[in-house]
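Some notes on the structure that comes next.
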Amino acid sequence: MIENLIKDKEARPHVLHALEDFNFMPPKEAIVTDDVVELLQKSAVIIDFTIAMGCETLLENALKHPTPLVIGTTGLNEHQQNLLKEAANNMPILYSTNMSLGVAVLNRLVELASKSLSDFDIEIVEQHHRFKKDAPSGTALTLGEHAARGRGLNLDDVRVSGRNGLIGERSKDEIAIMALRGGDIVGRHTVGFYNDGEFIEMNHTATSRDTFAKGAIKAAKWIINQPNGLYTISDCLGL
Ligand SMILES: NC(=O)C1=CN([C@@H]2O[C@H](COP(=O)(O)OP(=O)(O)OC[C@H]3O[C@@H](n4cnc5c(N)ncnc54)[C@H](OP(=O)(O)O)[C@@H]3O)[C@@H](O)[C@H]2O)C=CC1
Ligand SMILES: O=C(O)C1=N[C@H](C(=O)O)C[C@H](O)C1
């Protein structure tokens, strides 16, 4: 995501990491550092698209040096999710597994469809590029949470991660989340609602990673004016 953020003129002066990797000369006012404390102390807001461990380091240090944060990193474990909640008591944090407007709206639609189509079986498929490290995608899990919430269920209680062998019939409440990987697919999520005689499939396809960068920059401008707390991109978009 760093190359997509650098492409955006407004974000460019604030991008601090690995600039030379992308053959880009930072402007004089940019701070280039690999010291997370210096980064926190000198930044008005930080955008994090790294890996779960990188996000954990940022949050741990942010607890001592509160700074508004926009976090898009996925694959956070339970400890890291708790750290996110704890840190949000001391600073405004916007966390979203997907920074696009389309997915923010899709989350709403899925919750509504799940509630209205209570007899339909729900299945989620996500597709991403071959370089993606975590599975299933954070977006697919968030969509699954909305689908479960629409029926008053907890995703952890009903989630299926794979099917293989003589597994028996599908149970009514289960929600499978399956991941495909290949090529340069930016991000494609399909939530299907299946019943006897009809089905609906809701699909969102990101065709450029700039979509996520633009959402994150909008979020960064918004989060600096918010009181401490944990927000999502839906809050920023007024959804
Ligand atoms: N919420 C959203 O809308 C989106 C979320 N994402 C998520 O963002 C994350 C990054 O994705 P992507 O950009 O494709 O991944 P990449 O692997 O392309 O980039 C990850 C970057 O993080 C750096 N990094 C790795 N470890 C650390 C660390 N411990 N501390 C600081 N930086 C570190 C890497 O540096 P180096 O190369 O030197 O290791 C690299 O520059 C993933 O979790 C992905 O799911 C991605 C797109 C959209
Ligand atoms: O790794 C990616 O590329 C993406 N990750 C996010 C996720 O895990 O949901 C968002 C987007 O789909 C791209």
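Whatever order the structure lists them in is the order used to number ligands and atoms, beginning at 1. Starting from 1, each residue takes its place in the sequence as its number.
Close contacts between ligand 2 and T97 involve ligand atoms 6 (C), 7 (C), 9 (O), 10 (C) [criterion: under 4.0 Å to a heavy atom]. Interface of R209 with ligand 2, defined as ligand atoms under 4.0 Å from a residue heavy atom, comprises 3 (O). Short contacts between ligand 2 and S137, defined as distances under 4.0 Å to a heavy atom of the residue, involve ligand atoms 7 (C), 8 (O), 9 (O). Distances below 4.0 Å separate heavy atoms of M99 from the following atoms of ligand 1: 2 (C), 3 (O). For ligand 1, the atoms closer than 4.0 angstrom to any heavy atom of R209 are 12 (P), 13 (O), 14 (O). Proximity to G54 (heavy-atom distance under 4.0 Å) selects the following atoms of ligand 1: 28 (C), 29 (N), 30 (N). Atoms of ligand 2 found under 4.0 Å from any heavy atom of T139, numbered from 1 in the order shown, are 7 (C), 9 (O), 10 (C), 12 (O). Listed by atom number, the atoms of ligand 2 under 4.0 Å from G138 heavy atoms are 7 (C), 8 (O), 9 (O). Applying the 4.0 Å criterion to heavy atoms of K133 picks out, from ligand 1, the atoms 17 (O). Here is the list of ligand 2 atoms found below 4.0 Å of a heavy atom in H129: 1 (O), 2 (C), 3 (O).
For the pair F212 and ligand 2, the shortest N or O to N or O distance does not fall below 3.5 Å. Ligand 2 has no nitrogen or oxygen under 3.5 angstrom from a nitrogen or oxygen of H189. Backbone and side-chain nitrogen or oxygen atoms of M53 are examined, and none is located within less than 3.5 angstrom of a nitrogen or oxygen of ligand 1. Where the criterion is an N or O separation shorter than 3.5 Å, residue side chain and backbone included, T74 meets it with respect to ligand 1.
The closest donor-acceptor contact from the side chain of R149 to the backbone of L155 lies at 3.5 Å or more, if one exists at all. Side-chain atoms of T73 come within 3.5 Å of backbone N or O of T50 as a donor-acceptor pair. Of the possible donor and acceptor atoms, none in the side chain of T211 sits under 3.5 Å from a partner among the backbone N and O of A206. In this structure a side-chain-to-backbone donor-acceptor pair under 3.5 Å is present from Q81 to L76. Here the side chain of R188 pairs no donor or acceptor atom with the backbone of N203 at under 3.5 angstrom. Here the side chain of D235 pairs a donor or acceptor atom with the backbone of T232 at under 3.5 angstrom. Checking side-chain atoms of Q80 against main-chain N and O of N77 turns up a donor-acceptor pair under 3.5 Å. Between the side chain of R170 and the backbone N or O of E174, at least one donor-acceptor pair lies under 3.5 Å.
At the shortest separation from atom 12 (O) of ligand 2 among protein heavy atoms lies H128 NE2, 2.6 Å. Protein heavy atom closest to atom 8 (O) of ligand 2, with residue, atom name and distance, is K132 NZ, 2.7 Å.
Distances from ligand 2 to the non-hydrogen atoms of M99 include no value under 4.0 Å. Taking 4.0 Å as the cut-off, S96 counts as a neighbour of ligand 1 on heavy-atom distance. Under a 4.0 Å heavy-atom criterion, F131 is not in contact with ligand 2. In this structure, K133 does not count as a contact residue of ligand 2, since none of its heavy atoms falls inside 4.0 Å of the ligand. Residue contact check for ligand 1: T57 places no non-hydrogen atom closer than 4.0 Å to it.
Residue contacts with ligand 1, taken as heavy atom pairs separated by less than 4.0 Å, involve T97 solely via the backbone atoms N, CA, C and O.
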Decide salt bridge (Lys or Arg N to Asp or Glu O under 4.0 Å) for K132 and E126; before the verdict, give the C-alpha distance in whole Å, the side-chain angles of both, and the deciding distance to 0.1 Å.
-> CA-CA 12 Å; K132 185 161 175 61; E126 58 99 334; over 6 Å; no

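A distance of 11.5 Å separates CD in E56 from CG in D48, rounded to the nearest 0.5 Å.
For the residue pair A135 and R181, the shortest heavy atom distance occurs at CB-NH2, 3.5 Å. Of all heavy-atom pairs between L239 and R108, the closest is O-NH2, 3.1 Å.
Checking H189 against S137 by side-chain atom types alone, a donor-acceptor pair falls below 3.5 Å. Side chain to side chain, S43 and T67 fail the donor-acceptor criterion of an N or O pair below 3.5 Å.
Among N98, I51, T50, the residue whose heavy atom lies closest to atom 42 (C) of ligand 1 is T50.
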